[in-house]
Amino acid sequence: MDNSAKFIGWAAGIAVVAAVIVFMYVGTSTPSETGPITIGFIAPLTGDVASIGSVARTATELAVEEINSAGGIDGRQLNVVYEDGQCSATPANNAATKLINADRVIAIIGGVCSSETAAFAPTAMQNKIVVISECSSAPNLSKTGKYFFRNYPSDAYQGKYAAEHAYNMLGARNAALIFHQTDWGTGIKDVFKQRFTELGGNIVVEDGSPQEARDYRTALSKVKVANPDYIYAPTYPEGGTVLLRQIKEMGINSKILAGDAWSDTRLQKDVASFDLDILYVESKGNVTDEFKSKLLAKTGGDQVPLCAPQVYDATYILAEALKKAGTDPDKLADAMRATKYDGVSGHIEFDANGDMTVAEYIVKRIENGTAAQVQ
Amino acid sequence: MEIAVQIALNAVIAGALYSLAALGFNLVYNTARFFDLGYGAVAATGAYAVFYFYKTLQFDLLSSIALGILIAGALGFLIEKVVYRQLRARKASQTVLLIASLGVLTVVQAIIAIIFSSQFQTLSRNIGASRIYNVYGGVMTETQVIILCSGLSIMTALGIILRYTLFGKAIKAVADDEEVAQIVGINSERLIGIVFFIGSAIGGIAGIAVGFDTGIQPTMGMTLLLSGVVAAIIGGMGNVYGGVIGAFLLAAIENAGVWYLSGEWKAAIAFAILILFLLFRPQGLFQK
Amino acid sequence: MEYLVHIAVLICIYGILGLSLNLAVGQAGLLSVTHAAFYGIGAYVVALLLIAVGLNFFIAVPIAMILAGVVALAVGVVFSRLREVYYVFGTLGFNIIAYSVFLNWDSVTRGPLGIPGIPRPEIFGFRFGENEFFLILATIFLAITYAVCQFVTSSSFGRVLRAIREDEEVTSVFGYATHYHKLAVFVISGMLAAFAGTLFATYITFIDPSSFNLNESIFILAIIILGGLASHRGAILGAFLLIILPEALRFVGFPSDVAAQMRQVTYGLILILLMLYRPQGIWGEFRM
């Protein structure tokens with residue numbers, strides 16, 4: 001091949017390696033006894049789940065600002081390095097490796113998607129890095145390790161609660177399942193289906209679609225024919241808004257029960273004029289108006305999506321544990337495990353696996369542009 | 001029986017959107033002879049432009065849409081001038097142009113995400129207000145009817161222009177053999193620029209349509225584009241009417257698939273159809 | 001240091017992927033956009049064999065490769081008649097179908113929940129638990145792949161392939177069964193992509209469908225376009241650059257959500273600039 005090609009190739013390679021070394025040297029921090037405490041944050045900041053990830057980031061920033069202005073961790077400021085997990089295994093793993101080895105974080109908040117968390121948690125455990133996930137719901141994460149915590153209950157709880165509530169309290173006997181094919185959506189749907197049929201209920205339609213799907217009309221046609229008592233719809237807010245609109249347009253009379261993803265304020269506002277019977281299950285939390293307005297002021301938008309209250313609490317929980325135990329991983333993990341915290345996402349305590357001990361749920365009705373607790 | 005009508009309508013609604021995607025895409029392919037993935041980029045740009053003017057700046061509906069279409073067209077024109085013209089002058093192969101257009105799509109999508117954030121947005125100000133028409137027991141909204149009518153009118157207009165006007169004949173000449181067309185005095189560069197403008201404007205309309213029907217997000221271009229490409233290929237690449245028919249056919253089979261199987265297989269079905277056509281009837285339903 | 005080891009492992013894995021795709025694209029001109037599917041098959045088969053059956057990694061790998069080879073054979077046969085851009089879209093369609101299978105076949109792949117807890121490779125009691133040891137294994141795998149590719153290209157088989165790439169009709173006129181040659185190289189290519197998948201599954205110890213979608217195939221294509229088509233060293237160079245670049249960008253100091261989009265912008269710009277100014281890639285010997 002010609003000489004210019006060889007030169008370009010080698011030059012590019014060497015330039016990149018040099019850049020990496022320079023930046024790593026400049027960008028790497030060494031942990032010290034004074035000075036800021038560095039923790040990492042991994043969430044999807046790009047891609048289809050970016051709307052959840054970027055607000056999670058803002059909520060974390062909010063918590064960090066508040067913690068730091070209240071004196072930080074015994075005078076040491078909290079410093080967070082934010083990385084993009086892209087809701088995908090390899091990027092999340094890369095992000096974590098960089099955080100652990102280059103930034104020398106002592107803990108990581110994240111991931112949002114279970115695929116992110118599952119991809120980097122093993123490495124984090126090996127390196128004795130405390131991980132607290134605010135939103136990963138896959139049941140198998142319970143087996144991750146002693147440094148792993150999550151303040152979001154596994155799918156197993158919400159699906160079960162929804163099924164029992166639908167059957168026992170709402171009197172539903174036939175249900176249609178319209179869900180999004182993600183770890184959260186599929187996971188909850190599977191548990192709901194199992195419990196609902198166990199109780200004696202009947203699933204008349206089961207139709208999933210990718211999270212980005214915006215055309216539910218034919219799936220809804222199936223629902224219209226089957227005419228179930230309830231549609232159980234664990235879907236994300238974007239798709240959920242469109243789904244509700246299409247339900248309305250098609251004149252479907254079934255009532256709707258959904259998952260905690262619909263605690264999103266924008267969805268609730270958008271569907272106000274639809275006049276549909278919409279209930280959704282939410283963790284018994286305590287999202288105060290104060291938190292909402294602080295967060296919305298920072299995001300400049302009108303969404304308080306899933307995971308934002310959780311990650312806000314997760315940041316505080318981590319900060320509290322750091323105050324109690326310092327940065328030693330084992331002591332920090334013990335302090336985390338002893339957490340008893342009441343935050344905007346509810347009461348939080350951890351069991352031996354780092355899962356929440358209680359997963360309490362409430363049901364809310366969406367009407368008049370907002371949601372109110374029903375029971 | 002009612003439900004069969006509804007499913008048919010679902011296919012019509014989806015088909016109308018796909019046909020808008022296919023129309024502009026086909027026009028560009030017709031003339032410049034390559035698959036322009038950047039089409040997805042201009043569709044998203046049109047939709048976001050309308051978002052900016054209509055929802056952020058609170059302009060009125062018609063001006064916002066007009067501006068959106070113009071901006072989409074202008075962007076397409078610009079991309080042709082800056083990127084594709086050089087490549088075509090060098091007689092770059094279709095694959096090279098395809099990859100370059102993929103680069104364009106990636107860049108534009110990312111820039112939209114930087115400016116507008118990745119959040120999903122809706123275009124309509126009053127989301128529940130669309131009127132509903134009952135058609136033999138099935139349901140269609142006003143927005144969807146408008147989209148369908150726009151699609152059909154654009155198809156007719158393009159068909160007429162391409163067949164009966166001098167401009168249309170010039171396009172055909174350039175498509176057949178650009179050098180000869182230049183020799184007989186057609187300014188092919190200017191013509192292609194105009195074609196890209198019009199094609200991209202149609203792309204903008206497609207994006208805006210999707211935006212009003214469901215909503216917008218930065219990655220919307222790729223999905224719309226792929227549907228348009230499949231529709232165009234099965235209808236017959238370059239054939240304006242074919243693309244529209246292909247669009248409705250694609251939508252029909254997709255919806256039948258969702259009905260009999262489930263929504264989880266929708267994408268697989270769409271591409272299985274594409275593959276079947278590529279294997280057994282690569283020229284599509286209608287030849288050029 | 002750990003961080004560099006991690007990046008090195010990824011470069012090995014993507015280097016193998018690049019080498020595999022290069023065989024198909026650079027040597028035989030088969031522009032496949034579906035190699036992520038074979039990558040995925042390798043990963044899933046190994047994951048399942050290791051967890052469900054408890055098979056040893058080094059026995060599971062050939063099984064995974066053979067299975068991927070069978071699928072590649074089917075794909076190769078089905079798409080053998082397609083040319084140029086139509087081949088691209090056909091393989092693109094297959095990737096989407098394969099992704100749907102990974103996502104929907106819950107009972108086997110666990111769908112979106114993925115397969116966690118994949119054990120690291122073990123041989124004679126030695127476990128490749130530490131990343132440094134895994135890197136040694138990955139480098140060996142890369143070397144094997146490189147040797148295989150080198151063997152294919154420098155043999156007379158390779159010469160026929162290049163002749164086919166340049167002009168298939170002429171080559172077949174000379175009596176070569178071009179069909180079989182292309183099929184053979186495609187199958188080898190698919191098997192090597194699966195080879196990379198086996199490494200990936202046991203390295204990250206968790207796999208889910210999102211790692212094997214269309215974007216991944218496009219990424220692998222970008223690696224060899226950048227590094228240089230028909231050049232084995234180019235494939236590794238491309239992997240090196242495209243893995244290191246986004247990691248380096250992390251340290252530049254963009255706000256991190258913009259950083260991720262800037263990555264996309266850079267990536268798109270690289271594609272455009274390459275097509276405009278150096279379509280054969282940095283070390284390439286074949287212009288598309």
Side-chain angles (χ1 to χ4, degrees), chain A residues 44-55 177-181 186 205-210 212-226 236-239 241-246 248-252 266-267 269-276 299-303 305, chain B residues 2-11 13-14 17 109-110 113-114 117-122 124 126-134 137-144 210-211 213-220 222-224 227 251 254-267:
Chain A
L45 300 176
T46 54
D48 296 310
V49 200
S51 48
I52 295 183
S54 48
V55 179
L177 303 175
I178 307 277
F179 62 99
H180 278 158
Q181 284 174 290
T186 307
V205 171
E206 186 176 340
D207 195 291
S209 38
E212 324 80 67
R214 302 284 177 255
D215 183 352
Y216 304 94
R217 295 182 186 102
T218 302
L220 288 175
S221 305
K222 288 198 259 192
V223 173
K224 193 163 182 189
V225 165
Y236 292 86
E238 302 83 7
T241 314
V242 176
L243 175 70
L244 287 170
R245 180 153 90 183
Q246 289 169 357
K248 171 82 200 250
E249 286 168 4
M250 294 180 65
I252 292 176
R266 229 252 298 280
L267 174 141
K269 267 205 288 228
D270 281 345
V271 305
S273 58
F274 291 174
D275 193 30
L276 291 168
T299 61
D302 47 7
Q303 280 179 328
Chain B
E2 225 181 65
I3 214 63
V5 175
Q6 183 62 57
I7 310 250
L9 274 179
N10 295 341
I13 295 167
L17 286 171
Q109 250 173 215
I114 292 178
S117 95
S118 302
Q119 290 190 0
F120 177 75
Q121 316 273 10
T122 47
S124 27
N126 192 345
I127 199 173
S130 208
R131 239 167 63 184
I132 299 194
Y133 296 102
N134 257 300
V139 158
M140 240 178 125
T141 68
E142 191 174 29
T143 318
Q144 288 156 359
V210 171
D213 188 45
T214 46
I216 60 177
Q217 61 195 99
T219 45
M220 65 188 283
M222 184 62 141
T223 357
L224 187 62
S227 306
E254 269 183 353
N255 278 290
V258 175
W259 175 257
Y260 288 112
L261 294 173
S262 80
E264 296 148 59
W265 293 104
K266 189 167 174 188

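Chain A is the first sequence line, chain B the second, and so forth, proteins listed ahead of strands; every chain is numbered from 1. Every value quoted in this text rests on a predicted model; they were computed, and no experiment measured them.
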Those residues at least two apart in sequence (or on a different chain) that pass salt bridge (charged side-chain N to carboxylate O under 4.0 Å, His left out) with A/E212 are none

Sub-3.5 Å donor-acceptor pair from the side chain of B/E264 to the main-chain atoms of A/G208, do we have one? yes

Other residues, nucleotides and ligands only: do more than 12 of their heavy atoms fall within 6.0 Å of OH on B/Y260? no

Is it true that atom CG of B/N134 has more than 12 heavy atoms of other residues, nucleotides or ligands lying nearer than 6.0 Å? yes

Taking side-chain contact (heavy atoms from CB on, under 4.5 Å) as the definition, give me every residue that meets it alongside B/Q109, ordered by chain and number, with sequence neighbours left out. B/L105, B/T219, B/M222

Measure the shortest side-chain to side-chain distance between B/Q121 and A/E238 over non-hydrogen atoms and say whether it is less than 4.5 angstrom. no

Mind listing the closest non-hydrogen atom pair of [X] and [Y] along with its distance?
{"X": "B/I7", "Y": "A/S221", "result": "CD1-CB, 3.9 Å"}
{"X": "A/K222", "Y": "B/V258", "result": "NZ-O, 2.7 Å"}
{"X": "B/W259", "Y": "A/V225", "result": "CH2-CG2, 4.0 Å"}

Gap between atom [atom2] of [Y] and atom [atom1] of [X] - 0.5 Å precision:
{"X": "B/T143", "Y": "A/E249", "atom1": "OG1", "atom2": "CD", "result": "7.5 Å"}
{"X": "A/L243", "Y": "B/T214", "atom1": "CG", "atom2": "OG1", "result": "12.5 Å"}
{"X": "B/S262", "Y": "A/I178", "atom1": "OG", "atom2": "CD1", "result": "10.0 Å"}
{"X": "B/Q6", "Y": "A/M250", "atom1": "CD", "atom2": "CE", "result": "4.0 Å"}
{"X": "B/K266", "Y": "A/D215", "atom1": "NZ", "atom2": "CG", "result": "4.0 Å"}

Under a 4.5 Å heavy-atom cut-off, does chain A meet the side chain of B/I13, its backbone, both or neither? side chain

If one checks every heavy atom of B/D213 against chain A at 4.5 Å, the contacting part turns out to be both

Taking side chain as everything from C-beta outward and backbone as N, CA, C, O, which of these in [X] sits under 4.5 Å from a heavy atom of chain B? Side chain, backbone, both or neither.
{"X": "A/V205", "result": "neither"}
{"X": "A/Y236", "result": "neither"}
{"X": "A/Q181", "result": "side chain"}

